[in-house]
Amino acid sequence: MGARFEELAWRETPIGEISLRRRLDPALQVEVYEVKLDDEYLMSSLFPVAEIELARLGLAALTGDTLDVVVGGLGLGYTAKAALDDPRVRSLLVVEAIEDVIDWHRRGLLPFTAGLAEDPRTRFVQADFFAAVAGGTGFDADEPGRRFDAVLLDVDHSPRNVLHPSHADFYTPQGLRRLAALLRPEGVFALWSDDPPDDAFTATLGEVFGTTQAHVVPFANPLTGGQSANTVYVSQP
């Protein structure tokens, strides 16, 4: 199992101190990988279900045979890896604000997403997802305004609980319209949230998109011995 606790990476960033650590859970007898921002836990390898479902539910709404996909927020890589599991995905552009997080994957620090960085379909872009949307030029500097079949976003805890105040404008009708302009006509915007379905935010999505579904994704919680749930919103023009 290795050491009981190990900090694999740490960096001061504009939004706080981000760290990747690996620990042995004595009760479960498994190695757990965790990402923290300052003293706040962002993600854990104990709870990957909804991050995987973000990709599956988002891509399931598409009918095309060749898909160009954006993942906003790399993290532990579960969403990006699940997207690559769909054979229809032709290209995957992963937008991550923190270069160190990209480096974790290039260095192979996360065994459960092995192969993500090496897959020829994957391209990492070190950029602020929200600034890219707000700026109007989009995610691909080589092709400003490029449109995609799907944008899968997992950065903030929820639309109401953002990691940085600058993200809040994205979750307004104006911000979402700028995102919708980067989708192809039948494209999908899918969003992970740690909160239960939010009727007010669903209504906001409805101002911009033709259809929206809020999927509750339950999963076993080994820490409580019970069940927890996240939400995945899936919207199309």
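Values below: all heavy atoms of this structure, side chains included; hydrogens, waters and symmetry mates excluded.
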Item to complete: Evaluate whether atom CD of E207 has more than 12 neighbouring non-hydrogen atoms of other residues, nucleotides or ligands under 6.0 angstrom away.
Response: yes
Worksheet item: To the nearest 0.5 Å, how far apart are OG1 in T211 and CG in L205?
Response: 10.5 Å
Discussion item. Under a 3.5 Å distance rule, please check whether R88 uses its side chain to pair with a backbone N or O of G64 as donor and acceptor.
Written reply: yes
Discussion item. Looking at every heavy atom in both L74 and E96, which two are closest together, and how far apart are they?
Written reply: N-OE1, 2.9 Å
Discussion item. Tell me whether R123 is salt-bridged to D140, with the criterion being a basic N under 4.0 Å from an acidic carboxylate O.
Written reply: yes
Worksheet item: Is the backbone of Q227 close enough, under 3.5 Å, to the side chain of N221 for a donor and an acceptor to pair up by distance?
Response: no
Item to complete: Before giving the answer on side-chain contact (heavy atoms from CB on, under 4.5 Å), spell out for Q236 and F209 the whole-Å C-alpha distance, their side-chain angles and the decisive distance to 0.1 Å.
Response: CA-CA 6 Å; Q236 288 183 278; F209 297 95; 5.7 Å; no
Worksheet item: If we only count heavy atoms from C-beta on, is the L163 to L42 side-chain gap below 4.5 Å?
Response: yes
Worksheet item: Is the shortest distance from a Lys or Arg side-chain nitrogen in D198 or R160 to a carboxylate oxygen in the other one below 4.0 Å?
Response: yes
Discussion item. Quick one, R178 and D169 - any side-chain contact, counting heavy atoms below 4.5 Å?
Written reply: yes
Worksheet item: Going hydrophobic residue to hydrophobic residue with side-chain gaps under 4.5 angstrom, can you get from L8 over to V32?
Response: yes
Fill in: Intermediate values then yes/no, salt bridge (charged side-chain N to carboxylate O under 4.0 Å, His left out), R184 and D68
CA-CA 10 Å; R184 290 180 177 144; D68 298 313; 3.0 Å; yes
Discussion item. Would L179 and L153 count as a side-chain contact (heavy atoms from CB on, under 4.5 Å) here? Give the steps.
Written reply: CA-CA 11 Å; L179 182 280; L153 178 60; over 6 Å; no
Please tabulate, one pair per line, all N/O donor-acceptor pairs under 3.5 Å involving side-chain atoms of residues 125-135, not counting sequence neighbours.
residue	atom	partner	partner atom	Å
Q126	NE2	A97	O	2.5
D128	OD1	F130	N	2.9
D128	OD1	A131	N	3.1

Worksheet item: Yes or no on side-chain contact (heavy atoms from CB on, under 4.5 Å) for M43 and E51, after CA distance, side-chain angles and deciding distance?
Response: CA-CA 10 Å; M43 56 196 71; E51 294 172 36; 4.0 Å; yes
Worksheet item: L176 versus S235: any side-chain heavy-atom pair under 4.5 Å?
Response: no
Worksheet item: What do the steps show when you test L182 against V70 for side-chain contact (heavy atoms from CB on, under 4.5 Å), and what is the final call?
Response: CA-CA 10 Å; L182 299 172; V70 170; over 6 Å; no
Response to the item:
T79 and A55 have their tightest heavy-atom pair at O-CB, 3.6 Å
Item to complete: Work out which heavy atom in L76 is nearest to a heavy atom in T113; give both atom names and the distance.
Response: O-CG2, 3.3 Å
Worksheet, complete the sentence: Applied to residues 59-104, the ring-ring contact (aromatic ring centres under 6.0 Å, His included) test, sequence neighbours excluded, yields Y78-F112
Fill in: Full working for side chain to side chain donor-acceptor pair (under 3.5 Å) between S158 and D194
CA-CA 6 Å; S158 76; D194 194 35; over 6 Å; no
Worksheet item: So, for L152 and G58, which heavy atoms are closest and what is the spacing to 0.1 Å?
Response: CD2-CA, 4.2 Å
Worksheet item: Can you list every ring-ring contact (aromatic ring centres under 6.0 Å, His included) pair that touches residues 218-237, not counting sequence neighbours?
Response: F47-F219, F201-Y233
Worksheet item: Do you know the tightest heavy-atom contact between A50 and N230?
Response: CB-OD1, 3.3 Å
